[in-house]
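Just so you know, residue 1 is the first one in the sequence shown, and it goes up from there. This one's a predicted model, so the numbers in the text were calculated from it and none came from an experiment. Excluded from the calculations below are hydrogen atoms, water molecules and symmetry mates; all remaining heavy atoms, backbone and side chain alike, are included.
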Amino acid sequence: MDFGTREHLAEKNGRLIIGGADVVELARKHGTPLYVTDERRIRSNYRRFAAAFPDADVYYAAKANGHIAVLRIPRKKVPVPTYSPMVSCMLPSLPGIRPDRILFNGNAKTDAELAMACETA
């Protein structure tokens, strides 16, 4: 299985295209700096990974990109909505993110973070 393909990236007339969107046009519309995320790419990778490991729970690592719009992507039309926020204990209060699907992991937690995790679990 190749997770390194770049079909979501292209060049057209000397411009970078991400997920079909012209980055120059996006920068004009939204300003810079600008972070561009291809939702179709995230969904595709999620589905391919879940298919490759059908007996595993698949979690999204919020450390990769913790923007709330990105964290909500896996729950839309994906069989197993799961999340792995590293420090974001406030996520259970946000619509669409189930507290029972959050894995709070890592070894560098403050007492306050651990207390918040216990309160929201």
Side-chain angles (χ1 to χ4, degrees):
M1 179 170 303
D2 182 10
F3 286 100
T5 59
R6 302 283 185 254
E7 72 275 357
H8 65 294
L9 300 175
E11 177 273 327
K12 184 176 181 183
N13 299 323
R15 293 185 175 189
L16 176 62
I17 309 297
I18 299 177
D22 182 320
V23 174
V24 173
E25 293 302 319
L26 291 174
R28 285 184 181 143
K29 181 177 180 181
H30 301 287
T32 62
L34 178 67
Y35 293 92
V36 180
T37 302
D38 184 352
E39 181 174 343
R40 286 178 298 200
R41 174 73 172 183
I42 291 174
R43 289 182 186 285
S44 173
N45 284 349
Y46 187 97
R47 283 190 297 269
R48 291 183 340 194
F49 191 86
F53 303 98
D55 296 329
D57 286 335
V58 180
Y59 287 80
Y60 174 80
K63 184 178 181 180
N65 184 338
H67 192 281
I68 189 61
V70 173
L71 294 177
R72 287 183 173 149
I73 289 172
R75 76 175 174 84
K76 300 177 191 174
K77 300 179 184 176
V78 173
V80 183
T82 56
Y83 305 86
S84 177
M86 300 296 287
V87 182
S88 302
C89 289
M90 76 295 275
L91 288 176
S93 64
L94 299 171
I97 297 178
R98 296 174 30 204
D100 63 327
R101 300 305 293 168
I102 294 174
L103 175 64
F104 189 65
N105 64 355
N107 61 355
K109 302 293 178 268
T110 66
D111 289 345
E113 290 170 330
L114 291 171
M116 188 184 299
C118 290
E119 290 169 12
T120 58

* Structure fact -> Sorted by chain and residue number, the side-chain hydrogen bond (donor to acceptor under 3.5 Å, both in side chains) partners of Asp38 (sequence neighbours excluded) come out as none
* Partner set under side-chain hydrogen bond (donor to acceptor under 3.5 Å, both in side chains) for Arg40, not counting sequence neighbours -> none
* How far does NZ of Lys12 sit from CG of Asp22, to the nearest 0.5 angstrom? -> 8.5 Å
* Which heavy-atom pair separates Thr32 from Ala27 by the least distance, and what is that distance? -> CG2-CB, 3.6 Å
* Side chains of Ile17 and Val23: closer than 4.5 Å at any heavy-atom pair? -> no
* Taking all atoms of both residues into account, what is the closest heavy-atom pair of Ala51 and Pro54, and its distance? -> O-CD, 3.4 Å
* To do: Please report the C-alpha distance between Glu11 and Arg15 in whole Å, then the side-chain angles of each, then the deciding distance to 0.1 Å, and finally whether the salt bridge (charged side-chain N to carboxylate O under 4.0 Å, His left out) criterion is met.
  => CA-CA 5 Å; Glu11 177 273 327; Arg15 293 185 175 189; over 6 Å; no
* Please name all residues satisfying side-chain contact (heavy atoms from CB on, under 4.5 Å) with Leu26, sequence neighbours left out, ordered by chain then number. => Ala21, His30, Leu34, Val36
* Asked: Is it true that Glu25 and Lys29 have a side-chain N and a carboxylate O under 4.0 angstrom from each other?
  -> no
